[in-house]
There are 2 protein chains.
Amino acid sequence: MNGGAPAARRQTPDQRAALEARAWRGIRALVLDRYDRRKEVCDSLDMSFIRVKALRYLAEEPLTMRELAARLSTDAPYTTLVVGDLERRGLVARSAHPTDRRSKIVTATPDGVAAARRAEDILNEPPEPVLQLDSADIAALDRIVARLLGSGD
Amino acid sequence: MNGGAPAARRQTPDQRAALEARAWRGIRALVLDRYDRRKEVCDSLDMSFIRVKALRYLAEEPLTMRELAARLSTDAPYTTLVVGDLERRGLVARSAHPTDRRSKIVTATPDGVAAARRAEDILNEPPEPVLQLDSADIAALDRIVARLLGSGD
DNA sequence: CCCATTAGTTGTACGAGTGAAACATTTTCA
DNA sequence: TGAAAATGTTTCACTCGTACAACTAATGGG
């Protein structure tokens, strides 16, 4: 017995399922119920969240309208509207696609990059309880989260 | 040295901050980008997410309109609309308040409880990567998440 | 008792976001 | 070349959710 399992208290399948469910439920509660900062970001940048999302994608790399629409999982017409608004604010700029003249490339301006950065700072700031974890726990959490992200990618 | 700190590699303040930021960012990405099941729930129950939320609260315990409005962080008029819709579907029922005749108590019907349960099952089902964690990691994750939830409560 | 307050409802107005139709321009491919 | 498809835009209709005003009924304090 105790085959290839790593060092840990033995778990029955039921116990294990309970741990999985409780842990995931807790994670969801943390992100969605306790420390959802989306509203704060929208207030801070004075724009709807889909615009913030668009700006964050565009600050990372220029995208065509089509690509942006796909990432926002919305349709082309609404993307036109959102980009038009961001452009009017001077946060993004449309330019011609080098090889396909149907396409347009949307790029974040320096102001746009700065705004996206402000949004990221608010969204990614760890909440209080994370700051209060001890060194071992924060290291373990980081490692496990990386594993969760990695296996799905 | 190695004063009272629990067993773990030593971290400089900068390293620690980086761990905190990366871990929290990853957690947000998991919940919001990769495994957001809200749409799935809305499709499955054929109702908007605020109605699902209302139903889940009411399945837990009966609430007055006012209390429900507070939990949904919406206003009284919209709560009337949402509860009216749930009532028309036979998922909740309004009844008189025992002592305050202005108030109404909203209770989930058996059908409502069942629907809320279906929603919970979808929302709380741990995503693939969580299922693939080894015993030690899932136990550690559960413990740390509990700590994160506990210190903020 | 009278008046301010509270609970719930009705109605209206508005912004955000989704979806579809129609269109011009450009590209691709048979 | 000519038809089909892709890109982006404009317009319209619709749902969802928020916000506000006005109203009824009931409560509670002076």
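The sequence lines fix the lettering, A, B, ..., with proteins before strands; numbering per chain opens at 1. All values reported here derive from a predicted model rather than from experimental measurement. All values below were derived from every heavy atom in this structure, side-chain atoms included, with hydrogens, water molecules and symmetry-related copies excluded.
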> How long is the span from the CG atom in A/Leu72 to the OH atom in A/Tyr78, to the nearest 0.5 Å?
10.0 Å
> Should we say atom CZ of A/Arg25 is surrounded by more than 12 heavy atoms from elsewhere, each under 6.0 Å from it?
no
> For A/Arg66 and C/dT26, what is the distance between atoms CZ and P respectively, to the nearest whole Å?
18 Å
> Where each residue is assigned the nucleotide of DNA chain D containing its nearest heavy atom, which of B/Pro77 and B/Val82 is assigned the position nearer the 5′ end?
B/Val82
> Where does the chain A footprint on DNA chain D start and end, counting 5' to 3' with a 4.0 Å heavy-atom cut-off?
D/dA6 to D/dT11
> In whole Å, I'd like the distance from the CD atom of B/Glu67 to the C1' atom of C/dT6.
14 Å
> Nearest-Å distance, OH (B/Tyr78) to C1' (C/dG8)?
17 Å
> Nearest whole angstrom, please: distance from the C1' of C/dG8 to the CD of B/Glu87.
13 Å
> Among C/dG8, C/dT18, C/dG11, which is the nearest nucleotide to the side chain of B/Thr64?
C/dG8
> Look at B/Asp137 together with A/Arg143 and state whether they make a salt bridge at an N to O cut-off of under 4.0 Å.
yes
> I'd like to know if A/Tyr35 and A/Leu131 are part of one continuous hydrophobic network [Ile/Leu/Val/Met/Phe/Trp/Tyr, side-chain heavy atoms within less than 4.5 Å].
no
> Strictly below 4.0 Å, N to O, side chains only: are B/Glu120 and B/Lys53 in salt-bridge contact?
no
> Rounded to the nearest angstrom, tell me the gap between atom NE2 in B/His97 and atom C1' in C/dT6.
13 Å
> Would you mind classifying the nucleic acid contact of A/Leu81 as base, sugar-phosphate or nothing, using non-hydrogen atoms under 4.0 angstrom?
nothing
> Rounding to a whole Å, what distance do you find between A/Met65:CE and C/dT25:P?
18 Å
> Any chance you could measure A/Leu123, atom CG, to B/Trp24, atom CH2, to the nearest 0.5 Å?
10.5 Å
> Taking the nucleotide of DNA chain D with the nearest heavy atom to each, does A/Lys39 or A/Ser103 sit closer to the 5' end?
A/Ser103
> Between A/Glu20 and A/Arg16, does at least one N-O distance fall below 4.0 Å, as a salt bridge requires?
yes
> Whole angstrom is fine here: how far is it from CG in B/Leu63 over to P in C/dA7?
14 Å
> Output the rounded distance in Å from CG (A/Leu72) to P (C/dG19).
13 Å
> Taking A/Arg88 first and then A/Asp85, would you say they form a salt bridge - that is, a charged N and a carboxylate O separated by under 4.0 Å?
yes
> Any Lys/Arg nitrogen of B/Arg147 or A/Asp134 sitting under 4.0 Å from an Asp/Glu carboxylate oxygen of the other?
yes
> What pairs of nitrogen or oxygen atoms, one from the protein and one from nucleotides 27-30 of chain C, lie under 3.5 Å apart?
unit_1	atom_1	unit_2	atom_2	d
C/dT27	OP1	A/Arg101	N	3.0

